[in-house]
Amino acid sequence: MTTEPTHVTNFLRNIVEEDLKSGKHKTIVTRFPPEPNGYLHIGHAKSICLNFGLARDFGGRCHLRFDDTNPVKEETEYIESIKESVSWLGFDWGGHMYYASDYFDQLYMWAEHLISQGKAYVDDLTAEQIREYRGTLTEPGKESPHRNRSVEENLDLFRRMREGEFPEGSKVLRARIDMASPNMNLRDPVMYRIIHAPHPHVGDKWRIYPMYDYAHGQSDAIEGITHSICTLEFEDHRPLYEWFLENLPVPHKPRQYEFSRLNLTYAVMSKRKLLQLVQDGDVAGWDDPRMPTLMGLRRRGYTPESIRSFCERIGVGRSDSWIEMGLLEECVREDLNERAPRAMAVLRPLKLVIENYPEDRVDEFEAANHPQKPEMGTRKISFCREVYIEQDDFMEEPVKGFHRLALGQEVRLRNAYIVKCTDVVKDAAGNVTEVRCTYDPDTHTGGPAAGRKVKGTIHWVSARHALAAEVRLYDRLFADPNPSGDDWKSCLNSKSVEVVTAMLEPGLRNAAPEERVQFERQGYFCADMKDSRPGAPVFNRTVTLRDSWSKPGK
RNA sequence: UGGGGUGUCGCCAAGCGGUAAGGCAAUGGACUCUGACUCCAUUAUUCCGAGGUUCGAAUCCUCGCACCCCAGCCA
């Protein structure tokens with residue numbers, strides 16, 4: 001299990017602290033209960049960090065439980081990805097991995113118990129009729145004509161439902177509570193429905209499957225969960241959660257608490273929308289580096305530490321909130337600034353020729369892998385007469401405040417010499433295709449004029465030694481901070497990815513998958529875990545560096 | 001117009017009757033062979049609004065207002 005430096009307090013920590021202090025619980029047990037119907041996303045990370053973090057910090061434990069009550073939506077593939085994501089994030093369920101479907105037998109017996117107490121009944125109404133009978137927000141519902149069947153008849157019908165005697169949709173088991181309740185969840189909620197489909201975890205044993213409301217609290221009870229933490233939309237379900245616990249001989253009474261779910265600007269978080277992006281081909285898959293899924297963020301280059309730090313900083317509360325994407329980005333920068341070695345890479349190359357530098361000469365310079373961390377060592381970089389610089393680092397006619405290279409101006413080539421632009425070469429269309437310079441031989445690091453100050457320093461890569469490689473420049477998936485409404489897809493950022501052939505320092509040739517590096521003055525990059533190969537690396541841009549010059553404001 | 005929630009700086013968020021933490025962003029400055037990093041400074045006489053209780057209120061009471069969730073045999 002990971003250790004976190006500090007944590008801000010929140011209302012759930014306070015509750016746990018009090019429960020422990022008062023002796024209400026001697027140890028706490030939480031759980032993270034994903035439904036295996038999609039990949040985990042950054043919103044789940046908030047829940048994971050909360051539940052596992054509470055258990056870690058208060059010496060309790062946290063279960064990983066698959067809420068697999070609906071076999072038609074759930075798949076084994078998702079179970080595997082969920083386990084991988086939780087582990088990757090840095091949490092360990094320590095053998096406490098369960099499935100709601102593990103409890104189907106117990107749940108079934110308890111359902112018969114409710115029936116025998118006259119607290120549940122089999123209803124023959126159709127789905128549409130049930131909806132009509134439920135009433136509306138302002139009008140009470142009315143009771144089903146089947147609501148007062150005898151215990152014997154209900155038991156018989158329910159058993160026959162289990163045996164698969166009835167077609168899907170023809171009958172349901174309902175809790176007998178109150179059709180006039182102002183809380184819609186209490187208007188005789190469905191407990192079981194008939195589904196003639198095999199289950200990914202328990203196979204073809206069942207023809208009836210429990211609903212979330214009936215399964216969740218009892219699963220918590222079976223596992224001895226003390227604090228069952230979910231998101232706010234389940235708040236109205238709490239009376240029902242408690243009703244089942246009150247009316248069933250459960251071994252333990254867990255308590256449900258709710259917190260507000262994560263909303264992130266420039267992103268969508270609902271599994272429905274994420275699935276649609278995948279199915280419509282707007283992204284390359286659940287793990288596309290632009291997706292807010294944990295697998296996507298991982299491929300993008302986000303570290304588990306940065307995501308945990310993010311979850312720590314956003315806090316946990318009950319008010320609706322929209323966290324700025326900039327905060328998530330700042331969290332990776334902060335982490336990667338510490339750990340990513342530096343390298344030079346030219347994303348959009350422009351050739352620079354040094355006229356007074358001999359054709360056949362090569363200089364080797366020593367470059368620091370991290371400006372503030374000498375322990376990260378140095379590397380040798382080669383310099384020759386022709387180098388590539390960034391197109392953006394040259395302006396024939398510089399605007400005010402531009403301290404890079406311009407005609408007649410000097411600039412330092414990082415880790416090498418100061419050069420002065422003497423001429424430009426253009427193509428027929430007038431585009432600059434080459435920059436001509438002279439260099440000052442005394443200005444290399446350690447040279448007699450090394451201390452000479454010039455306005456700017458730019459990165460470069462030796463043309464003779466450069467390694468051409470694919471680099472994917474990712475940006476936010478959405479152009480609008482709040483992609484909502486029916487036309488949320490129209491908010492997609494058409495420039496969310498640009499693939500370029502960049503010129504890299506040759507030392508990057510054999511970058512390992514997921515190796516992270518800062519391309520100086522550009523941003524943090526990560527060798528793609530799927531497509532990068534030794535000798536032919538492929539880098540994904542995780543995030544740009546902050547840039548107070550161009551103020552991207554994006 | 002039923003029920004359940006929430007409203008503290010641009011975005012989060014502490015605060016729980018004793019006189020508005022912190023983070024991110026922003027702004028100004030220092031430093032700099034990354035316009036990065038780091039550093040220093042500035043940013044709520046005010047807590048959705050209006051009354052009230054109190055020596056004292058963001059915190060208690062009353063009445064409003066705004067926003068979110070609930071009418072799946074989804075979770």
Side-chain angles (χ1 to χ4, degrees), chain A residues 8-10 14 33-35 37 67 69-70 72-74 123 125-127 130-132 134-141 168-174 181-187 189-195 208-209 211-213 215-216 230-239 258 260 265 271-272 312-331 333-334 337-338 342 344 367-368 370-372 401-404 411-416 418 443-445 450-459 518-523 544-550:
Chain A
V8 301
T9 183
N10 62 55
N14 293 340
E35 181 189 12
N37 68 344
D67 222 330
T69 55
N70 188 351
V72 305
K73 288 179 139 188
E74 297 150 9
D123 198 352
L125 255 30
T126 64
I130 286 179
R131 193 186 328 121
E132 286 161 18
R134 188 152 32 221
T136 69
L137 295 178
T138 52
E139 303 157 26
E168 285 191 13
S170 61
K171 284 178 170 44
V172 291
L173 180 73
R174 292 228 253 172
S181 173
N183 182 342
M184 300 295 281
N185 295 298
L186 263 18
R187 317 245 267 225
V190 173
M191 292 168 57
Y192 273 91
R193 71 289 216 190
I194 299 169
I195 298 176
I208 56 173
Y209 291 93
M211 298 288 287
Y212 163 85
D213 283 309
H216 203 90
C230 60
T231 44
L232 245 22
E233 64 270 28
F234 292 100
E235 191 163 21
D236 288 342
H237 295 239
R238 196 168 65 219
E258 310 86 18
S260 58
T265 59
K271 280 197 214 171
R272 196 198 102 240
E312 194 70 38
R313 290 193 202 192
I314 58 177
V316 178
R318 288 173 59 85
S319 56
D320 294 323
S321 63
W322 281 88
I323 305 294
E324 292 173 341
M325 179 65 89
L327 179 59
L328 213 209
E329 294 170 343
E330 187 50 29
C331 288
R333 285 194 192 100
E334 184 184 86
N337 175 50
E338 289 294 313
R342 317 281 123 128
M344 294 198 285
H370 190 114
Q372 280 83 231
F402 184 79
H403 8 131
R404 277 109 96 152
V411 77
R412 174 174 290 281
L413 294 180
R414 179 138 168 94
N415 297 124
I418 289 174
T443 54
H444 65 272
T445 306
R452 239 183 85 198
K453 302 292 182 196
V454 287
K455 280 185 301 185
T457 299
I458 64 175
H459 60 277
Q518 181 197 98
F519 290 168
E520 291 197 272
R521 303 208 311 131
Q522 306 281 249
T544 61
L545 250 32
R546 289 183 61 154
D547 181 357
S548 57
W549 160 245
S550 62

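Letters go in sequence order (proteins before strands), and every chain restarts at 1.
An OP1 or OP2 oxygen of B/U34 is reached within less than 4.0 angstrom by no side-chain nitrogen or oxygen of A/Arg342. The phosphate of B/G72 (OP1 or OP2) has a side-chain N or O of A/Arg134 nearer than 4.0 angstrom. At the phosphate of B/A13, OP1 or OP2 sits under 4.0 Å from a side-chain N or O atom of A/Ser319. Under 4.0 angstrom from either OP1 or OP2 of B/A75 there lies at least one side-chain N or O belonging to A/Thr69. Dashed line: the shortest gap from a side-chain N or O of A/Lys73 to OP1 or OP2 of B/A75 is not under 4.0 Å. An OP1 or OP2 oxygen of B/C74 is reached within less than 4.0 angstrom by a side-chain nitrogen or oxygen of A/Arg193. Between A/Ser548 and B/A36 there is a side-chain polar atom (N or O) within less than 4.0 angstrom of OP1 or OP2. For the OP1/OP2 pair of B/C37 and a distance below 4.0 Å, the side-chain nitrogens and oxygens of A/Arg546 include at least one atom meeting the criterion. The shortest distance between the side-chain N/O atoms of A/Asn10 and the OP1/OP2 oxygens of B/C12 is not below 4.0 Å.
Counting any heavy atom pair closer than 4.0 Å across all strands shown, A/Gln372 reaches a base atom. As judged by a 4.0 angstrom heavy-atom cut-off over every strand, A/Met211 is placed among residues touching the sugar-phosphate backbone only. Residue A/Phe519 is classed as having no contact, given no heavy-atom separation below 4.0 Å to the nucleic acid. No engagement by A/Ile195 is indicated, since no non-hydrogen atom pair under 4.0 Å with the nucleic acid exists. Nucleic acid contact class of A/Pro140 (heavy atoms, under 4.0 Å, all strands): none. Contacts of A/Asn415 with the nucleic acid, taken as non-hydrogen atoms under 4.0 Å apart, include base atoms. Residue-level contact check: A/Thr265 touches neither bases nor backbone, having no heavy atom under 4.0 Å from any strand. Here A/Arg187 lies out of heavy-atom contact (under 4.0 Å) with every strand. Contacts of A/Gly326 with the nucleic acid, taken as non-hydrogen atoms under 4.0 Å apart, are absent. Here A/His370 lies out of heavy-atom contact (under 4.0 Å) with every strand. A/Phe234 comes within 4.0 angstrom of a nucleotide base, judged by non-hydrogen atoms across all strands. Using a 4.0 Å heavy-atom distance criterion, A/Gly401 is classed as a base contact. Across all strands shown, A/Val454 has no heavy atoms under 4.0 Å from either base or sugar-phosphate atoms.
Look at the P atom in both B/G15 and B/C9: the space between them is 16 Å, to the nearest Å. The separation of B/G35 from B/U19, taken at their C1' atoms, amounts to 44 Å, rounded to a whole angstrom. Here the separation of B/U62 from B/G4, taken at their P atoms, is 15 Å to the nearest Å. Here the separation of B/G23 from B/U43, taken at their C1' atoms, is 15 Å to the nearest Å. Using C1' as the reference atom, B/U8 and B/C39 are 30 Å apart when rounded to the nearest Å.
In this structure, B/A30 forms a base pair with B/U38, meeting either the Watson-Crick or the G-U wobble geometry with both donor-acceptor distances under 3.5 Å. Checking B/C47 for Watson-Crick or G-U wobble geometry (two distances, each under 3.5 Å) identifies no partner in any strand. The pairing partner recorded for B/C60 is B/G52, the criterion being a Watson-Crick or G-U wobble arrangement whose two distances lie under 3.5 angstrom. Applying the Watson-Crick and G-U wobble criteria (two distances, each under 3.5 Å), B/C67 pairs with B/G5. For B/C24, the paired base is B/G10 (Watson-Crick or G-U wobble, both distances below 3.5 Å).
Of the possible polar contacts, one joining the A/Glu74 side chain to the A/Asn70 backbone as a donor-acceptor pair under 3.5 Å is found. Side-chain atoms of A/Arg174 never come within 3.5 Å of backbone atoms of A/Asp123 as a donor-acceptor pair (strictly under, hydrogens ignored). Between the side chain of A/Thr457 and the backbone N or O of A/Arg412 there is no donor-acceptor pair closer than 3.5 Å.
Residue A/Thr136 comes nearest to A/Arg187 through the heavy atom pair O-NH2, 2.6 Å, listed as atom of the first residue, atom of the second, then distance. Considering all non-hydrogen atoms of both residues, A/Ala450 and A/His444 come closest at CB-O, 3.3 Å. Taking each heavy atom of A/Trp549 and A/Arg404 in turn, the nearest pair found is CD1-NH1, 3.1 Å.
You'll find that the side chain of A/Ser321 is closest to B/C12, out of B/G3, B/C12, B/G35. If you check B/U34, B/C73, B/A25 against the side chain of A/Val172, the one that comes closest is B/C73. Listed nucleotides: B/C68, B/C24, B/G2. Nearest to the side chain of A/Arg313: B/C24. Between B/C73, B/C69, B/G4, one nucleotide has an atom nearer to the side chain of A/Glu233 than all others, and that is B/C69. Comparing B/G5, B/A25, B/C12 against the side chain of A/Ile314 picks out B/C12 as the nearest. Taking only side-chain atoms of A/Arg318, from C-beta outward, the nucleotide of B/G15, B/U6, B/C24 with the closest atom is B/U6. The side chain of A/Asp236 lies closest to B/C70 when the candidates are B/C24, B/C70, B/U34. Nearest to the side chain of A/Arg131, among B/C33, B/G2, B/G72, sits B/G72.
In this structure, the NZ atom of A/Lys453 is 13 Å from the P atom of B/G35, given to the nearest Å. At whole-Å resolution of the value, CD in A/Glu324 and P in B/G23 are 16 Å apart. If you measure from atom CG of A/Leu328 to atom C1' of B/C11, you get 13 Å, rounded to the nearest angstrom. If you take CD of A/Gln518 and P of B/U38, they are 12 Å apart, rounded to a whole angstrom. In this entry the distance linking CG of A/Leu186 with P of B/A71 reads 14 Å, nearest Å. Per the geometry, CE belonging to A/Met344 stands 10 Å off C1' belonging to B/U34, to the nearest Å. A straight line from CZ of A/Arg333 to P of B/G23 spans 18 Å, rounded to a whole angstrom. Atom pair A/Asp213:CG and B/C73:P shows a separation of 10 Å (rounding to whole Å applied).
Judged by distance alone, the side chains of A/Thr445 and A/Asn415 never bring a donor and an acceptor atom under 3.5 Å apart.
We find the NZ-CD1 distance between A/Lys171 and A/Ile208 to be 13.0 Å, quoted to the nearest 0.5 Å.
Using a 4.5 Å heavy-atom threshold, the side chains of A/Lys271 and A/Asn37 count as touching.
With RNA chain B read from its 5' end, the first of the two nearest nucleotides for A/Leu137 and A/Glu520 is the one closest to A/Leu137.
For B/G72, the base is syn relative to its sugar; the glycosidic angle is within 90° of 0.
Note: A/Tyr212 and A/His237 have perpendicular aromatic rings, judged against thresholds of 30 and 60 degrees for the angle between ring planes.
B/G35 has A/Trp549 stacked on its base ring, the centres lying under 5.5 angstrom apart and the planes within 30 degrees of parallel.
Between the side chain of A/Asp547 and the base of B/G35, no donor-acceptor pair of N or O atoms lies under 3.5 Å. For B/A75, the base has a donor-acceptor partner in the side chain of A/His237 [N/O atoms by modelled type, under 3.5 angstrom].
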